[in-house]
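Below is one structure, written out as structure tokens; the observations come after it.
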Number of protein chains: 2
Amino acid sequence: MRKPNAKDRILETAGALFFQRGYSGVGINEIIEKAGTAKASFYQYYPSKESLCEAWLRALHDQSENYRRVLLEEPGPSREKVARYFDRLGKFLVESDFRGCPYSNTGALSEANCPGIAEQIREHKEATRNFFRILASRSIDEHAKADETGDRIFVLYSGATAESQNLKELWPVTVARSAAVDLLPI
Amino acid sequence: MRKPNAKDRILETAGALFFQRGYSGVGINEIIEKAGTAKASFYQYYPSKESLCEAWLRALHDQSENYRRVLLEEPGPSREKVARYFDRLGKFLVESDFRGCPYSNTGALSEANCPGIAEQIREHKEATRNFFRILASRSIDEHAKADETGDRIFVLYSGATAESQNLKELWPVTVARSAAVDLLPI
DNA sequence: TACTTTACAGACAATTCTGTCTGTTTATCT
DNA sequence: AGATAAACAGACAGAATTGTCTGTAAAGTA
């Protein structure tokens, strides 16, 4: 039974709540109550709720970047890696009851016009886009064509996430997966 | 200088505000103030804020359904119609400063678990999906293949909307447009 | 032992939110 | 003119929000 310090406990608790009910749907009082900390401790580590949101998105970004890096370093054709990335998305959405993309969900809020949060969203999205471009460039020689293909897969990935959330069904992911794989040569 | 009744004025004002800043970012007090009505008038026509949201989404849905119906009835190949539909999306996003899809934005909120709102979202998304399936079926003979293609275009459309919003850039729409057109035979 | 850091407990202020309520004014119709 | 419906004005309740503030307890460290 480990008991991390207050700062980490707050981040983990808030992360779970933000993801489940959205940034604007969770209050600080609930976060500190579930994290078992005092409000003074909260404001010692996070000067505002927005800064906590930034820290949450940054942590998520680090995790996903790590997975993409590992996937890129593994051997195997790009087609298979793209397929695996979509499979992972499907698993994630099912397990999280189709809560969708935390970045898109946060960006849909008017509070997200805070520059720090907006920058986190942009950074993550551009990183994901770049990931697909790299995978495409390994299968496609022509530079412009590879970039275009990577962008197409990126849009498919985003649409799959969004519509799975809206419809609470998995089929958008499987459809997007097939479409993405078809974009890459054998 | 027309002056519609209070009910319509509320719906129009709320619609513009909801779209601009999101359902949770706008309060009733602001709506009635900008609409120039009294709070009592508001609650005479809309028993709750949620019911107003439903009415807003329903009105949006009727408008978009109407456009799709007209587009389907016009002559011309499916490829061109799909291309026009994406062009219209791009124009809409640019003019609205990349506020994205009102349905997806509302669905990202925890308040959207209200059954009425959730049903509106589902209905609209299924209608859009069906629209692309119809267009695909006119270009593709095989039934299953046409449905699959329509679904792929639907996912592309959704991803274009979402990422244009996240990145505040138009390229996801143009990329998705090309990808969608390529899915249909000449 | 004395000091410092970390965290807890919780009152409080200042807003903001939805929704209810009382009462007044204006317009329309007979 | 008189009756009826629609809309206005705005106070109020009750709850929830973020953020500040005071004080206390427990732990490690010199």
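Just the heavy atoms: all of them, side chains too, but no hydrogens, waters or symmetry mates, feed the values below. A, B, ... follow the sequence lines: proteins, then strands. Residue 1 opens every chain.
The CD-C1' distance, from Gln44(B) to dT22(C), rounds to 15 Å in whole Å. Nucleotide dT6(C) holds its P atom 14 Å from the CD1 atom of Ile10(A), rounded to whole Å. We find that CD of Glu33(B) is positioned 11 Å from P of dG10(D), with the value rounded to whole Å. Rounded to a whole Å, the NZ atom of Lys7(A) is 15 Å from the C1' atom of dT5(C). The separation between Ile32(B) atom CD1 and dG19(C) atom P is 12 Å, rounded to whole Å. Rounded to whole Å, atom P of dA16(D) lies 11 Å from atom CD of Glu30(A). Residue Leu52(B) contributes atom CG, which lies 10 Å from atom P of dG19(C) at whole-angstrom precision.
Between atom CD1 of residue Ile117(B) and atom SG of residue Cys53(B) there is a gap of 3.5 Å, rounded to the nearest 0.5 Å.
Evaluation of the side-chain hydrogen bond (donor to acceptor under 3.5 Å, both in side chains) rule for Ser178(B) yields no partner, not counting sequence neighbours. For Tyr157(A), the ring-ring contact (aromatic ring centres under 6.0 Å, His included) criterion is met by Tyr85(A), Phe86(A), Phe132(A), not counting sequence neighbours.
The list of salt bridge (Lys or Arg N to Asp or Glu O under 4.0 Å) pairs with a residue in residues 50-65 of chain A, not counting sequence neighbours, reads Glu65(A)-Arg68(A). Judged as a salt bridge (Lys or Arg N to Asp or Glu O under 4.0 Å), the pairs with a partner in residues 166-186 of chain B (not counting sequence neighbours) are, in order, Arg122(A)-Glu169(B), Arg152(A)-Asp182(B), Asp87(B)-Arg177(B). Applying the ring-ring contact (aromatic ring centres under 6.0 Å, His included) definition to pairs two or more places apart or across chains, none involves residues 135-155 of chain B.
Contact between the side-chain N/O atoms of Arg9(A) and the OP1/OP2 oxygens of dC8(C) is found at a separation under 4.0 Å.
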Notebook entry, point to check: Quick one: what's the B/S/- string for nucleotides 18-26 of chain D, heavy-atom cutoff under 4.0 Å, read 5' to 3'?
Noted result: BBBB-----

